[in-house]
Amino acid sequence: MKSGTCPKCHSTPVYRRAGDMHQREQITLSGSVVSKGTPPARYVCVSCGYVEQYVEAAEALSVVRETWERVGP
């Protein structure tokens with residue numbers, strides 16, 4: 001999706017809205033002491049309606065690396 005092509009229908013009319021601290025959708029990041037939310041950026045294919053969300057804030061991704069369980073190798 002980030003490349004502008006939908007992974008489901010392979011169409012190219014993909015639109016993005018950056019995360020905004022005032023939006024309802026928040027991904028909760030729990031650290032050892034602090035729990036806070038970060039707004040995900042949203043990508044939508046206007047051909048099929050497929051949606052993806054991404055955490056883009058470097059600080060939030062750092063919290064995930066430090067406190068979440070890694071999956072896979």
Side-chain angles (χ1 to χ4, degrees):
M1 275 305 239
K2 287 183 174 184
S3 69
T5 302
C6 177
K8 297 295 182 183
C9 73
H10 308 290
S11 294
T12 56
V14 173
Y15 290 78
R16 174 186 178 271
R17 174 153 300 191
D20 178 342
M21 289 307 288
H22 299 289
Q23 74 189 45
R24 285 185 160 217
E25 301 88 6
Q26 298 278 320
I27 295 175
T28 302
L29 304 173
S30 298
S32 57
V33 178
V34 178
S35 181
K36 63 180 182 176
T38 188
R42 294 161 290 177
Y43 290 73
V44 179
C45 172
V46 296
S47 289
C48 71
Y50 181 71
V51 177
E52 288 185 358
Q53 297 187 101
Y54 294 89
V55 173
E56 295 183 327
E59 178 185 335
L61 292 171
S62 178
V63 170
V64 170
R65 268 189 221 98
E66 294 170 12
T67 62
W68 290 29
E69 179 182 345
R70 184 174 176 167
V71 178

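Note that this is a predicted model, so its numbers are computed, not measured.
Residues V64 and Y54 are members of separate hydrophobic clusters, defined by side-chain heavy-atom contacts under 4.5 angstrom among Ile, Leu, Val, Met, Phe, Trp and Tyr.
Within the 4.5 Å cutoff, the side chain of C48 has heavy atoms near those of the C6 side chain.
If you take NE2 on H10 and OG on S47, they are separated by 12.0 Å, rounding to the nearest 0.5 Å. Here CD of E52 is found 14.0 Å from CZ of R42. Values are rounded to the nearest 0.5 Å.
Residue Y43 is tested with R17, K2, Q53 for a side-chain contact (heavy atoms from CB on, under 4.5 Å); the sole match is K2.
Residue M1 comes nearest to V14 through the heavy atom pair O-CG1, 3.8 Å, listed as atom of the first residue, atom of the second, then distance.
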